[in-house]
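The structure appears right after this line, and notes come after that.
Order of the sequence lines fixes the chain letters, A, B, ..., with proteins taken first and strands second; residue numbering starts at 1 for each chain.
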2 protein chains.
Amino acid sequence: MQLYFAPLACSLATRIVFYDAEAQADYIQVDLKQKRLPNGEDFREINPLGQVPVLRLDDGSLLRENTAILQYVGECFPNAELMPGVGAEQARVRQWLGFIGTELHKGIYVPLLDPRASDAAKEYARSHLSSRMDLLETHLWENKFLVKRFTVADAYLVTILNWSSACNIDLKPWGVVSDYFARVRQRPSVTRAMTEEFALYQQERQRANA
Amino acid sequence: MQLYFAPLACSLATRIVFYDAEAQADYIQVDLKQKRLPNGEDFREINPLGQVPVLRLDDGSLLRENTAILQYVGECFPNAELMPGVGAEQARVRQWLGFIGTELHKGIYVPLLDPRASDAAKEYARSHLSSRMDLLETHLWENKFLVKRFTVADAYLVTILNWSSACNIDLKPWGVVSDYFARVRQRPSVTRAMTEEFALYQQERQRANA
């Protein structure tokens, strides 16, 4: 499989899942500003919306949308137990994927990170922060992970929480969420993926400033 | 199963799926303004965010998030073929669920429908409309449904498109999307669910105005 990614973007979640499953994949870095691939091709040929992640499956077809990609990749490696295959636990992971994708990622973090969003649009996004973080705080108070074990949903959540400082979200009022974030970052697959993409992110910024 | 719903809210998608599968379910109407159940109980005990849909599974546990509920219900009735169980087709349905949930529902329609959203927040939401509708227009030009047949993703899309007039989204510039919406609304399960919930919606407004 090939993962189209940008450093520290939400595609990081899929890299974490590949690393956690000890699975091989090819990683193709996308210049999101210029919407260009390393070979100069227009990334919008791959995804008209110009967003990562996009996953190229082994049959050559393309799959978009983080929640779809995370379920797909998790299910490709059942021994890693990152995506339950059936039942209530599977439904629960999907519930958290839905929550993270809509309430956190799209509803709050994207407008706060988007330079084209007006202050009023950012304020509207931020108005939803407390209730969403309170929900997480309550849930993680009783649960080490979003479900019983580390899954693709935790890979997604840690990827989004990692943007907090970049958009002036202070997690301190949510001590349990902060502890969760600190703890999950220590997981070897997460540490490795974040460290590698942070280096790529710095290189990208240096090129942009050159 | 029990579906906590509000008339014409996004929970309509799950009702469409139950009807399309000719499956029995209980429907519990939520007063979203007062966050109350018919028996007077606080709906936030069911969902702290006060959102529908919530599905009570047969084991009594609760499942939130439209994309999780639609996959779950679709898989409960495999003979209805509303949610592919494996493979590329399954991944593709999930991709569209992700797109509708994040790009359309949360990214555009929710802010436009939200009386607490400022004009600037609505403007930011609306700035994403063309690119998202263009993507749908291109896809539906070559496809009668989002995948090969009617699935839970179409149930979700038609539910969201149904809000267009309420938030001054004119679908006319996207003729293929308009045709799709008109056609899918004629599907008996969709017509029945929309007709019933429109009547409940009118009753709710009458009570609010009384």
Practice prompt. Determine whether more than 12 heavy atoms belonging to other residues, nucleotides or ligands lie under 6.0 Å from atom OH of Y27(B).
Written response: yes
Fill in: Euclidean distance, Q51(B) CD relative to S131(A) OG, rounded to 0.5 Å
8.5 Å
Worksheet item: Would the number of heavy atoms belonging to other residues, nucleotides or ligands and lying under 6.0 Å from CZ of R185(A) be above 12?
Response: yes
Worksheet item: Which residues in residues 109-124 of chain B have a heavy atom less than 4.5 Å from any heavy atom of chain A?
Response: V110(B), P111(B), D114(B), R116(B), A117(B), S118(B), A120(B), A121(B), Y124(B)
Discussion item. Give the interface residues of residues 63-101 of chain B toward chain A, defined by a heavy-atom separation under 4.5 Å.
Written reply: L63(B), R64(B), E65(B), T67(B), A68(B), Q71(B), Y72(B), E75(B), Q90(B), A91(B), R92(B), R94(B), Q95(B), W96(B), G98(B), F99(B), G101(B)
Practice prompt. Determine whether more than 12 heavy atoms belonging to other residues, nucleotides or ligands lie under 6.0 Å from atom CZ of R205(B).
Written response: no
Worksheet item: Less than 4.5 Å apart, any side-chain heavy atom of E103(B) and any of K106(A)?
Response: yes
